[in-house]
Amino acid sequence: MNLAEQAAVEAEPSLRITEIFRSLQGEALFVGAPTVFVRLTGCPLRCTYCDTAYAFTGGERQSLQDIVREVQAFETEHVCVTGGEPLAQPTCHALLSQLCDLGLSVSLETSGALDVSNVDPRVVKVLDLKTPSSNEAHRNLWSNLEHLTEPDQIKMVVGDRSDFDWACEMIRERGLSKRCTVWLSPSHEELEPGVLADWILEAKVPVRLQVQLHKYLWGDVRGR
């Protein structure tokens, strides 16, 4: 490739990608559905319970055209764009729209710390509000709630009773369950799912319990 050709390639819209793979969706409303995951590299947060720290750095830069082509090759209806924090790369918006244009069912897993107002309205936003034990709760961008619609979802990872009480307070004060479906997820290997289930039933809080299905099937294995 000569210098002119290399410059042309570098000028194409692109994203830094950690991995693209097909698996079963492990969380939220599409749980259990075969899904293509596009994991973008980079995240401005450092949550204590993060299970994808390998996506903070590295990755390979790929053109949008190549990413879309790779996704299409899996011949799968559902696509989840995740990270890291996918919205940390502005070109993510173009990728989401191109995937929607193909008629695919597209979801975005985002931390809730970055603005979602410009996300394509066809995308299902899964907003991961940060609980106190993450040490990143101060990064929650509460104005994002105004841009959620009924198909969207809110997720909160619960590491202990303080996280649960905080989540209940946010649900009441900010009317979260009136905006969209709210999920509470036990921090893997930190809180037993049955304990969280009991808390939910006792508090009569309008949420759904979720566990990370993929971890129960395959453990902490990349690409699954």
Side-chain angles (χ1 to χ4, degrees), residues 12-45 52 55 59 62-130 139-157 174 176-183 185 208 210 212-214:
E12 293 180 8
S14 63
L15 289 162
R16 186 165 291 280
I17 301 294
T18 293
E19 56 190 351
I20 300 175
F21 61 96
R22 183 175 183 268
S23 185
L24 297 182
Q25 176 59 265
E27 301 178 84
L29 289 177
F30 295 130
V31 64
T35 302
V36 177
F37 293 86
V38 181
R39 189 179 304 283
L40 275 61
T41 307
C43 182
L45 282 71
T52 53
Q62 294 181 234
S63 70
L64 291 190
Q65 182 178 4
D66 286 345
I67 296 168
V68 170
R69 185 182 298 115
E70 190 169 345
V71 169
Q72 287 181 293
F74 286 104
E75 299 181 342
T76 300
E77 177 185 359
H78 297 288
V79 181
C80 178
V81 178
T82 185
E85 168 49 75
L87 293 182
Q89 297 188 58
T91 307
C92 176
H93 290 283
L95 173 63
L96 292 168
S97 293
Q98 287 190 26
L99 293 173
C100 288
D101 289 343
L102 295 173
L104 298 171
S105 170
V106 182
S107 62
L108 168 71
E109 294 187 351
T110 178
S111 67
L114 300 183
D115 182 23
V116 301
S117 61
N118 292 323
V119 172
D120 192 303
R122 296 172 291 180
V123 174
V124 174
K125 298 181 288 293
V126 182
L127 203 69
D128 187 354
L129 294 181
K130 300 306 177 184
R139 303 287 292 274
N140 289 322
L141 185 63
W142 294 107
S143 59
N144 276 335
L145 298 181
E146 302 303 320
H147 305 291
L148 298 181
T149 59
E150 187 175 353
D152 297 325
Q153 299 156 63
I154 293 171
K155 175 181 109 176
M156 289 180 274
V157 176
R174 299 180 181 274
L176 301 185
S177 60
K178 297 178 182 178
R179 297 178 183 275
C180 60
T181 301
V182 178
W183 300 89
S185 178
R208 295 188 184 186
Q210 70 172 9
Q212 293 176 296
L213 175 64
H214 50 290

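Computation of the quantities below employed the complete heavy-atom set of this structure, encompassing side-chain atoms and omitting hydrogens, waters and symmetry-equivalent molecules. Sequential numbering from 1 along the given sequence is applied to the chain's residues.
Annotation: side chain of N144 is not in contact with side chain of L129 (no heavy-atom distance under 4.5 Å). Looking only at side-chain heavy atoms (C-beta outward), W183 and V126 stay at 4.5 Å or farther from each other. Contact check for S107 versus H78: no side-chain heavy atoms found under the 4.5 Å cut-off. With a 4.5 Å cut-off on side-chain heavy atoms, L64 and L15 count as touching. With contacts defined as side-chain heavy-atom distances shorter than 4.5 Å, the pair E85/L45 does not qualify. For the pair E70 and I17, the minimum side-chain heavy-atom distance is 4.5 Å or more. By the 4.5 Å heavy-atom criterion applied to side chains, V71 and T76 are not counted as neighbours. Contact annotation: the side chain of C80 never approaches that of F30 to less than 4.5 Å [non-hydrogen atoms, C-beta and beyond].
Using modelled atom types, one side-chain atom of R39 and one backbone atom of G83 make a donor-acceptor pair closer than 3.5 Å. Remark: side-chain polar atoms of Q153 are paired, donor with acceptor, to backbone N or O of L29 under 3.5 angstrom. Under a 3.5 Å cut-off, the side chain of Q89 and the backbone N or O of T41 do form a donor-acceptor pair. A distance-only check finds no donor-acceptor pair linking the side chain of Q210 to the backbone of S185 [under 3.5 Å]. At distances below 3.5 Å, at least one donor-acceptor pair connects side-chain atoms of T35 with backbone N or O atoms of A33. Of the possible polar contacts, none joining the D120 side chain to the S97 backbone as a donor-acceptor pair under 3.5 Å is found.
Summarising the geometry, atom CD1 belonging to I67 is positioned 7.5 Å from atom OG belonging to S14; distances are rounded to the nearest 0.5 Å. Expressed to the nearest 0.5 Å, how far OG1 of T18 lies from CG of L40 amounts to 7.5 Å. Between the NZ atom in K125 and the CG atom in L108 there is a gap of 8.5 Å [rounded to 0.5 Å]. Atom CZ of R179 is separated from atom CD1 of I154 by 7.5 Å, given to the nearest 0.5 angstrom. Remark: Q25 CD to E27 CD distance equals 6.5 Å, nearest 0.5 Å. How far CG of L104 is from CG of L96: 11.5 Å, rounded to the nearest 0.5 Å.
The shortest heavy-atom contact between L114 and A88 is CD1-N, 3.6 Å. Nearest heavy atom pair, residue G84 against residue P86, reads O-CD, 3.7 Å. The two residues C180 and D152 have their closest heavy-atom pair at CB-O, 2.9 Å.
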Stepwise side chain to side chain contact (heavy atoms under 4.5 Å, CB included) test for R208 and T181: CA-CA 8 Å; R208 295 188 184 186; T181 301; 4.0 Å; yes
Candidate pair L87 and H93, rule side chain to side chain contact (heavy atoms under 4.5 Å, CB included), full reasoning: CA-CA 8 Å; L87 293 182; H93 290 283; 3.9 Å; yes
CA sep, side-chain torsions, deciding dist, call: V68, L95, side chain to side chain contact (heavy atoms under 4.5 Å, CB included): CA-CA 8 Å; V68 170; L95 173 63; 4.1 Å; yes
Criterion side chain to side chain contact (heavy atoms under 4.5 Å, CB included) on V123 and V81, from CA distance to verdict: CA-CA 10 Å; V123 174; V81 178; over 6 Å; no
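A donor-acceptor pair shorter than 3.5 Å can be found between the side chains of E109 and T82. Using modelled atom types and a 3.5 Å distance limit, the side chains of H147 and S117 yield no donor-acceptor pair.
Ring geometry for F21 versus F37: interplanar angle under 30°, hence parallel rather than tilted (30 to 60°).
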